[in-house]
Amino acid sequence: MAMKRHLLYVLVFLFFAVLPGCKDNVDAPFRHEANEYETSVLEWLKIQQLSNGLLESSENGNVVSLYDQSLAAMAFMINDELPRTEAIFDFFNDRRSELNTAPGGFSQFRDRNGIPNGHRWMGDNAWPLIALNNYKALTGRSTYDSLATDLSGWLSSLQDPTDGGLWLDTTLKTSS
């Protein structure tokens with residue numbers, strides 16, 4: 001029971017996952033004007049991106065975090081670096097079998113070559129969905145709709161039919 005959360009988490013998740021699609025003016029997509037500091041951070045992120053599209057979570061660390069990939073994708077997309085955003089999304093889109101095979105979801109961590117090596121947590125998998133929804137809202141492209149649908153479906157599958165709570169750790173859900 002300690003690993004489950006109820007309606008509040010569902011509402012927070014839906015707020016962040018769905019809200020980006022609601023825009024007052026669809027003809028004027030959000031564009032971010034970076035200051036000097038932000039530009040230097042963006043340049044650093046570009047240097048960190050590996051040929052497979054991923055970014056290590058720390059320099060020379062050999063660990064890639066799902067959460068960090070989502071944040072990098074959003075940083076790239078708001079700075080009009082869509083090919084870099086798409087490289088991250090393409091990596092995960094090409095690994096939908098990982099997402100759709102028990103226990104489901106994407107691994108929280110992987111090595112720099114993309115080999116998964118960790119638990120699959122709800123929160124970490126919610127972030128790519130947020131990034132994908134922002135990408136769709138920004139570009140109007142449907143390229144990753146299937147990936148977003150699969151992620152949304154897996155996240156929804158973590159709801160306990162008994163009490164409506166959400167399993168945050170798939171290892172606990174499968175062992176009960």
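- Note that CD of Gln48 is 7.5 Å distant from CD of Glu56, once rounded to the nearest 0.5 Å.
- The backbone N or O of Glu86 lies less than 3.5 Å from no partner atom in the side chain of Asn93, so there is not a single donor-acceptor pair.
- Trp121 places no side-chain N or O within donor-acceptor distance of the main-chain N or O of Gly105, the cut-off being under 3.5 Å.
- Here the side chains of Leu99 and Leu147 are in contact, with some heavy-atom distance below 4.5 Å.
- The closest donor-acceptor contact from the side chain of Ser157 to the backbone of Trp154 lies under 3.5 Å.
- Counting only heavy atoms from C-beta outward, the side chains of Phe106 and Asp124 never approach each other to under 4.5 Å.
- Grouped with Phe109 in one hydrophobic cluster are Val63, the linkage being side-chain heavy-atom contacts under 4.5 Å among Ile, Leu, Val, Met, Phe, Trp and Tyr residues.
- Between the Glu38 side chain and the Asn35 main chain, a donor and an acceptor come within less than 3.5 Å of each other.
- Within the structure, every pair that satisfies the salt bridge (charged side-chain N to carboxylate O under 4.0 Å, His left out) test and touches residues 129-138, not counting sequence neighbours, is listed here: Lys136-Asp145.
- For Glu43, the CD atom is densely surrounded, since the number of other residues' heavy atoms within 6.0 Å is greater than 12.
- Not counting sequence neighbours, Asp68 has no partner by the salt bridge (charged side-chain N to carboxylate O under 4.0 Å, His left out) test.
- Met74 contributes atom CE, which lies 6.0 Å from atom CG of Asn134 (distance to the nearest 0.5 angstrom).
- Taking each heavy atom of Ala75 and Leu42 in turn, the nearest pair found is O-CD1, 4.3 Å.
- Looking only at distances, no side-chain donor or acceptor of Ser70 sits under 3.5 Å from a matching main-chain atom of Ala131.
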Notebook entry, point to check: Under the side-chain contact (heavy atoms from CB on, under 4.5 Å) criterion, do Phe76 and Ile88 qualify, and how do the steps go?
Noted result: CA-CA 10 Å; Phe76 286 144; Ile88 295 169; 4.1 Å; yes
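- Nearest heavy-atom pair across Ala148 and Leu129 is O-CD1, 3.5 Å.
- The main-chain N or O of Gly104 is found under 3.5 Å from a side-chain atom of Arg120 such that the two form a donor-acceptor pair.
- Taking every heavy atom of both residues into account, Val64 and Arg112 meet most closely at CG2-CA, 3.8 Å.
- Arg110 and Pro116 get closest at one heavy-atom pair: CB-CA, 3.7 Å.
- The heavy-atom pair separating Leu151 from Pro128 by the smallest distance is CD1-CB, 3.8 Å.
- Side-chain atoms of Gln69 come within 3.5 Å of backbone atoms of Leu55 as a donor-acceptor pair (strictly under, hydrogens ignored).
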- request: Report the C-alpha distance between Met77 and Leu82 in whole Å, list the side-chain angles of each, state the deciding distance to 0.1 Å, and finish with yes or no for side-chain contact (heavy atoms from CB on, under 4.5 Å).
  value: CA-CA 5 Å; Met77 81 175 75; Leu82 293 181; 3.9 Å; yes
- Given Leu66 and Phe92, is the side-chain contact (heavy atoms from CB on, under 4.5 Å) satisfied, shown in steps? CA-CA 10 Å; Leu66 184 57; Phe92 291 102; 3.6 Å; yes
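- Heavy-atom minimum distance, Ala87 versus Gln49: CB-NE2, 3.8 Å.
- Asn100 places a side-chain N or O within donor-acceptor distance of the main-chain N or O of Arg96, the cut-off being under 3.5 Å.
- Asn125 CG to Ile130 CD1: the interatomic distance, rounded to the nearest 0.5 Å, is 11.0 Å.
- The distance from the CG atom of Leu158 to the OG atom of Ser156 is 8.5 Å, given to the nearest 0.5 Å.
- Both tests hold for Arg95 against Phe91: distance to the six-membered ring centre under 6.0 Å, angle to the ring axis within 45°.
- Gln159 places a side-chain N or O within 3.5 Å of a backbone atom of Gly164 that can act as its donor or acceptor partner.
- The backbone N or O of Glu81 sits nowhere less than 3.5 Å from a side-chain atom of Asn79 that would complete a donor-acceptor pair.
- Atoms CD and OG, from Gln108 and Ser65 in turn, are 6.5 Å apart once rounded to the nearest 0.5 Å.
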